[in-house]
Amino acid sequence: MFFDYFDRIAVIHLPARTDRFRALDRELSRAGFDIGHPKVVFPEPPMPNEANGFRSQGVYGNFLSHLGIIEGAYKDNLDTVLVLEDDAIFSNRFRAKQPDLVAALDASPWDMCFIGHSLTSGLPNSPTGLIRFSGPFIWAHCYAVHRRVMPRLIQFMQDTLVRPSGHPDGGRMYIDATFTFFRKSNPDVVSLISSPCLSIQRGSQSSLNAKLWYVKNPVTNFAANTARAVRDEFWRQGWLP
């Protein structure tokens, strides 16, 4: 199975978001994997008291979480690490494609692999479910990193922490933007993405920025949550791109 392929599965999760833990538990169960597996770790989330030039303290903390996971995998001599944010959801076809994905990762060297991304059109069909892609996209909620690229990626992320706004390699940004700049600056990096996309982010209130106005009202919050749940299920069934 796909999750068994990796040496570690690190979940970015705020303990207070028990709703997201339960949701991710259901998602992994649908895919045939137990969230309590020994490979699964929940690193303590950084809680910075300032934004340090990022859009918010939450965005800064999220960036540090991703960096810490990759640094930890490299320090522990792991070959591969899969990074999951707790709002990841998977399409119904993901479970059936898992053997093909693993076979593709085994067949040739790779550096980064994004099972989740924002690309919904224009991708060629792939019998393995993976294609090489180095262009821009958002989301970094379900991706893997191979040891080969970890030193370069770690250095790039560490440099990002001190780059000024407008720097050619990007300033202090969301993690997905940092990965886009990294791929652009390192065209030799073998970056794979799922085609079609097999994971998106669940529709839910973000933990990275301030709450939206409708979340504060029980009626509008219920309506928003219902709409999000319908959208997520339609996507899972393949009825939405």
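Bear in mind that the values here come from a model prediction, so they are computed numbers and not experimental data.
Residues F137 and D176 have side chains not in contact (no heavy-atom distance under 4.5 Å, counting atoms from C-beta outward). Between M150 and V81, some side-chain heavy-atom pair lies under the 4.5 Å cut-off. Taking 4.5 Å as the limit, some side-chain heavy atom of T178 sits within range of a side-chain heavy atom of F156. Taking the side chain as every heavy atom from C-beta outward, L105 and L192 approach each other to under 4.5 Å. For the pair I193/L119, a side-chain contact is recorded, criterion being any heavy-atom separation below 4.5 Å from C-beta on. Side-chain contact between D111 and D188 is absent, with no heavy-atom pair separated by less than 4.5 Å. Proximity of L82 to Y5: side-chain heavy atoms (C-beta onward) are nowhere separated by under 4.5 Å. Under the 4.5 Å side-chain criterion, counting only non-hydrogen atoms from C-beta, I175 is in contact with M157.
For D100 and T128, the side-chain atoms include no donor-acceptor pair closer than 3.5 Å. With no hydrogens or angles considered, a side-chain donor-acceptor pair links T160 and R163 at under 3.5 Å. Side-chain contact of R30 with N92: a donor-acceptor pair under 3.5 Å is absent, judged by distance alone. Checking H13 against E85 by side-chain atom types alone, no donor-acceptor pair falls below 3.5 Å.
Residues T18 and P15 share a closest heavy-atom pair of CG2-O, 3.7 Å. Closest heavy-atom contact between P45 and S65: CA-OG, 4.2 Å. T80 and F6 make their closest contact through OG1-CA, 3.4 Å (heavy atoms, listed as atom of the first residue, atom of the second, distance). Looking at every heavy atom in both residues, R132 comes nearest to V189 through NH2-O, 3.5 Å. F114 approaches R183 most closely through the heavy-atom pair CZ-NH1, 3.7 Å. For W110 against H146, the heavy-atom pair with the smallest separation is O-CB, 3.4 Å.
The hydrophobic clustering, which links ILVMFWY residues whose side-chain heavy atoms are closer than 4.5 Å, places I12 and F179 together. With hydrophobic clusters built from ILVMFWY side chains whose heavy atoms lie under 4.5 angstrom apart, L84 does not share a cluster with L14. In the hydrophobic cluster analysis, where Ile, Leu, Val, Met, Phe, Trp and Tyr join through side-chain heavy atoms closer than 4.5 angstrom, I154 is grouped together with V83. Taking hydrophobic clusters as Ile, Leu, Val, Met, Phe, Trp and Tyr residues chained together by side-chain heavy-atom distances below 4.5 Å, F181 shares a cluster with Y60. Under a hydrophobic clustering in which Ile, Leu, Val, Met, Phe, Trp and Tyr are joined whenever their side-chain heavy atoms come within less than 4.5 Å, directly or via other members, I70 and V190 fall into different clusters.
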**OP:** For V11 and V40, run side chain to side chain contact (heavy atoms under 4.5 Å, CB included): C-alpha distance rounded to whole Å, both residues' side-chain angles, the deciding distance at 0.1 Å, then the answer.
**Re:** CA-CA 7 Å; V11 181; V40 180; 4.0 Å; yes

**OP:** Under the ring pair (Phe, Tyr, Trp, His ring centres under 6.0 Å) rule, what do W139 and H117 come out as? Steps first, then yes or no, please.
**Re:** CA-CA 5 Å; W139 294 345; H117 54 79; 8.3 Å; no

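A salt bridge does not link D169 to K184: none of the charged side-chain nitrogens sits closer than 4.0 Å to a carboxylate oxygen.
With rounding to the nearest 0.5 angstrom, the OG atom of S195 is 6.0 Å from the CG atom of N125. Within the model, atoms CG of D76 and CD of E71 stand 11.5 Å from one another, a figure rounded to the nearest 0.5 Å. Annotation: the span from S191 atom OG to N186 atom CG amounts to 11.0 Å, rounded to 0.5 Å. Atoms CG and OG, from D34 and S29 in turn, are 6.5 Å apart once rounded to the nearest 0.5 Å. Note that SG of C113 and CZ of F133 are 13.5 Å apart. Values are rounded to the nearest 0.5 Å. Residue L198 holds its CG atom at 14.5 Å from CZ of R95, rounded to the nearest 0.5 Å.
In this structure, R236 forms no cation-pi arrangement with F90, as its terminal cationic atom is not both closer than 6.0 Å to the ring centre and no more than 45° off the ring axis. For the pair R8 and F42, the cation-pi criterion (under 6.0 Å, within 45° of the ring axis) is not fulfilled.
Between F94 and F2, a ring centre-to-centre spacing shorter than 6.0 Å is recorded. The six-membered or imidazole ring of Y174 lies away from that of F63, with a centre-to-centre distance of 6.0 Å or more. The aromatic ring centres of Y143 and H66 sit less than 6.0 Å apart.
The backbone N or O of A88 sits nowhere less than 3.5 Å from a side-chain atom of S199 that would complete a donor-acceptor pair. Side-chain atoms of Q237 never come within 3.5 Å of backbone atoms of D232 as a donor-acceptor pair (strictly under, hydrogens ignored). Under the 3.5 Å distance criterion, the side-chain polar atoms of K97 are matched with a main-chain donor or acceptor of P127. Under the 3.5 Å distance criterion, the side-chain polar atoms of S194 are matched with a main-chain donor or acceptor of I115. At least one donor-acceptor pair closer than 3.5 Å links the side chain of S118 to the backbone N or O of I138.
The side chain to side chain donor-acceptor pair (under 3.5 Å) test with D87 singles out one residue from Q201, R17, R202, and that residue is Q201. A side chain to side chain contact (heavy atoms under 4.5 Å, CB included) with L67 holds for exactly one of L153, L161, N62; it is L161.
Heavy-atom neighbours of R93 CZ from other residues, nucleotides or ligands within 6.0 Å: at or below the threshold of 12. Annotation: M47, atom CE; neighbour count of heavy atoms from other residues, nucleotides and ligands within 6.0 Å does not exceed 12.
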